[in-house]
Structure formats: structure tokens, C-alpha cells
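Sequence positions, counted from 1, serve as the residue numbers for this chain.
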Amino acid sequence: MSELMLDVGQANELKMAFRRAGYKASEVKSLVKGNILAQVREVLLGRAQIVSIEMGVLPVAQAARNTFMVPTGLTLAERITAGNYRWANSDITEKRFPHDPTTIGEWEWDLVGYDRTISSEDAKAALEVDGWNAASWEHELAFGAAFPETQRKSPIIALGSVCCVRGRPCVLGLWDVLGVRHVSLDYWDDGGWDTGYRFLRVRKVGSSAA
């Protein structure tokens with residue numbers, strides 16, 4: 001039996017197709033576990049029947065706090081390389097994401113999830129309390145380099161840096177697609193984020209609220 005293989009570009013196209021079809025991130029995560037996609041192929045070929053599986057709702061979750069460093073003197077491309085990401089969207093450029101020198105240094109981080117679908121505006125506002133800020137692209141890439149396995153659990157979104165790509169506002173997202181760590185662009189205004197997403201927020205070390 002021949003083996004079907006996807007390259008990184010095809011895998012990303014598959015991820016975006018799931019997104020356009022309205023799949024939640026948690027549902028996509030479930031689909032790529034184990035042998036589920038092979039079972040879907042059997043259904044499409046008429047060799048198996050569809051069995052409905054009810055998905056659980058993820059609660060609001062916050063990761064254990066820790067710190068990471070945003071290094072100085074690196075270009076955007078070098079920061080992606082330093083994170084050992086296997087694929088990065090080619091629309092992520094220095095022109096769209098200019099460097100902010102105030103991001104250099106040590107940062108406390110927190111991952112926040114919501115138990116309902118939430119807009120980018122509401123999510124960002126909820127993140128930015130008690131000295132916390134929504135992560136910029138520099139924070140996002142440095143976090144992914146420091147904690148490379150975290151994005152395999154759920155997509156991690158940085159709402160602090162927004163760029164325009166072909167007329168649509170976009171933000172950086174760290175994804176795991178079929179076992180490959182991606183740096184992707186996700187639409188800011190794409191109808192809201194479901195419960196499968198986590199948002200990175202940061203606070204400068206030493207600036208914690210009393």
C-alpha cells in the first residue's frame with residue numbers, strides 16, 4: 001500500500017482549509033491525533049461509516065508563569081531561525097513587523113485561554129491588566145524558541161503586533177501542524193477565537209503589580 005505524504009506547504013494549506021470550513025482549533029487538534037485522518041479517508045472512499053463524537057469544552061486556563069529573554073541585535077529572520085521553526089509564512093517580513101527595541105530584555109509570561117469564542121478586541125483588552133500586555137511579535141518568537149513544545153498543545157496567538165496583508169489585519173500565531181512547528185499569520189478580524197486558542201501576554205520582569 002502506497003504512503004501518502006504531505007510537505008510543509010501542503011500541511012499549512014490543509015490547516016487553512018480547516019479554518020475556512022469553520023473547524024475549531026481544538027477539533028483540528030483532535031483530527032490529527034492517532035489514526036483519525038486515515039479513518040476519514042476510509043469514510044470518503046465509502047469503506048466506513050461516520051460516528052459522531054461529542055467534543056468537550058476546554059475551560060479557561062492559565063499556564064504556570066515563567067520568564068524568557070528577548071535578545072538584542074537579531075533580525076526578524078534570525079529570530080525565526082533561532083526558534084528552529086520548520087515553516088514560516090513568507091508574508092512575515094521586516095517591513096510588516098518592524099522591530100521595537102523596548103521589547104529587549106527579560107519578560108514574565110502567561111498563557112490565557114477563554115471558555116467562549118472571543119473577538120480580538122475583547123481578548124486583547126482582557127489580557128492587558130495589572131501591568132500585562134498582549135505579546136508583540138518579538139515576544140512571540142522568543143517564547144517559541146524558549147518553550148518549543150508549548151505550541152504543540154494549542155495555537156498560541158500574539159495580539160500585540162498587527163500588520164496588514166492584502167487588505168486584512170493579521171497577527172502572528174505559533175502552530176503545530178502534523179507535528180511541524182509553524183510561525184503563521186492569523187486574521188485579526190476572522191469572526192473570533194474559539195476555545196482552542198491560547199493568547200500570550202507578557203510583563204517586564206520587575207514591573208509586577210504590587
Side-chain angles (χ1 to χ4, degrees), residues 11-12 14-34 36-37 40 50-68 89 107-137 139-144 146-162 168-204 207-209:
N12 190 62
L14 182 61
K15 179 203 78 174
M16 296 307 294
F18 279 128
R19 183 92 188 266
R20 289 193 298 271
Y23 279 83
K24 297 179 180 179
S26 56
E27 293 172 332
V28 174
K29 190 73 174 178
S30 295
L31 278 174
V32 300
K33 289 180 179 178
I36 293 179
L37 282 179
V40 170
I50 296 175
V51 177
S52 177
I53 300 176
E54 187 166 344
M55 309 274 304
V57 176
L58 294 175
V60 172
Q62 291 184 323
R65 292 170 183 172
N66 213 322
T67 64
F68 64 89
N89 190 304
W107 296 84
E108 183 181 2
W109 62 270
D110 195 17
L111 284 178
V112 179
Y114 299 96
D115 60 0
R116 60 184 174 84
T117 297
I118 191 169
S119 68
S120 294
E121 292 86 355
D122 288 347
K124 187 172 186 292
L127 293 174
E128 298 187 331
V129 295
D130 298 328
W132 292 100
N133 288 289
S136 70
W137 70 265
H139 299 128
E140 179 92 331
L141 295 180
F143 172 82
F147 303 97
E149 294 304 305
T150 307
Q151 71 191 80
R152 299 192 189 280
K153 301 174 184 177
S154 60
I156 299 170
I157 307 300
L159 294 176
S161 297
V162 184
R168 294 283 299 277
C170 295
V171 293
L172 255 63
L174 301 181
W175 286 73
D176 178 89
V177 180
L178 301 180
V180 177
R181 292 173 59 242
H182 283 205
V183 182
S184 299
L185 285 177
D186 291 273
Y187 292 127
W188 169 279
D189 58 349
D190 206 27
W193 308 92
D194 65 54
T195 58
Y197 291 92
R198 296 294 175 264
F199 301 92
L200 180 64
R201 65 177 181 176
V202 296
R203 183 163 60 184
K204 193 77 170 179
S207 65
S208 300

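- Between Tyr114 and Ala123 the shortest heavy-atom distance is OH-O, 3.4 Å.
- Ring orientation note: the planes of Phe143 and Phe147 are tilted relative to one another, at an angle of 30° to 60°.
- Checked by atom type and distance alone, the side chain of Arg181 pairs as donor or acceptor with a backbone atom of Pro148 at under 3.5 Å.
- Scored by the side-chain contact (heavy atoms from CB on, under 4.5 Å) test, Val162 finds Pro169, Val171, Trp188 as partners (sequence neighbours excluded).
- Each of Val202, Leu172, Leu159 was scored for a side-chain contact (heavy atoms from CB on, under 4.5 Å) with Glu140, with one residue passing: Leu172.
- Legend: residues meeting side-chain contact (heavy atoms from CB on, under 4.5 Å) with Ala146, ordered by chain and number and at least two apart, are Phe68.
- Evaluation of the salt bridge (Lys or Arg N to Asp or Glu O under 4.0 Å) rule for Asp189 yields Arg168 as partners, not counting sequence neighbours.
- Using a distance-only test at 3.5 Å, with no hydrogens or angles considered, no donor-acceptor pair links the side chain of Arg198 to the main chain of Lys153.
- No donor-acceptor pair closer than 3.5 Å links the side chain of Arg203 to the backbone N or O of Asp110.
- Pairing each heavy atom of Ala158 with each of Ser136, the nearest pair is CB-O, 4.0 Å.
- Contact of the Leu174 side chain with the Val183 side chain is registered, since non-hydrogen atoms from C-beta on lie closer than 4.5 Å.
- Remark: Glu128 pairs with Lys124 by the salt bridge (Lys or Arg N to Asp or Glu O under 4.0 Å) rule, at least two apart or across chains.
- Here the CH2 atom belonging to Trp132 is positioned 9.0 Å from the CG atom belonging to Leu200, to the nearest 0.5 angstrom.
- Residues passing the side-chain hydrogen bond (donor to acceptor under 3.5 Å, both in side chains) test with Thr150: none are found, sequence neighbours excluded.
- In terms of heavy atoms, Leu127 sits closest to Phe199 at CD1-CB, 3.8 Å.
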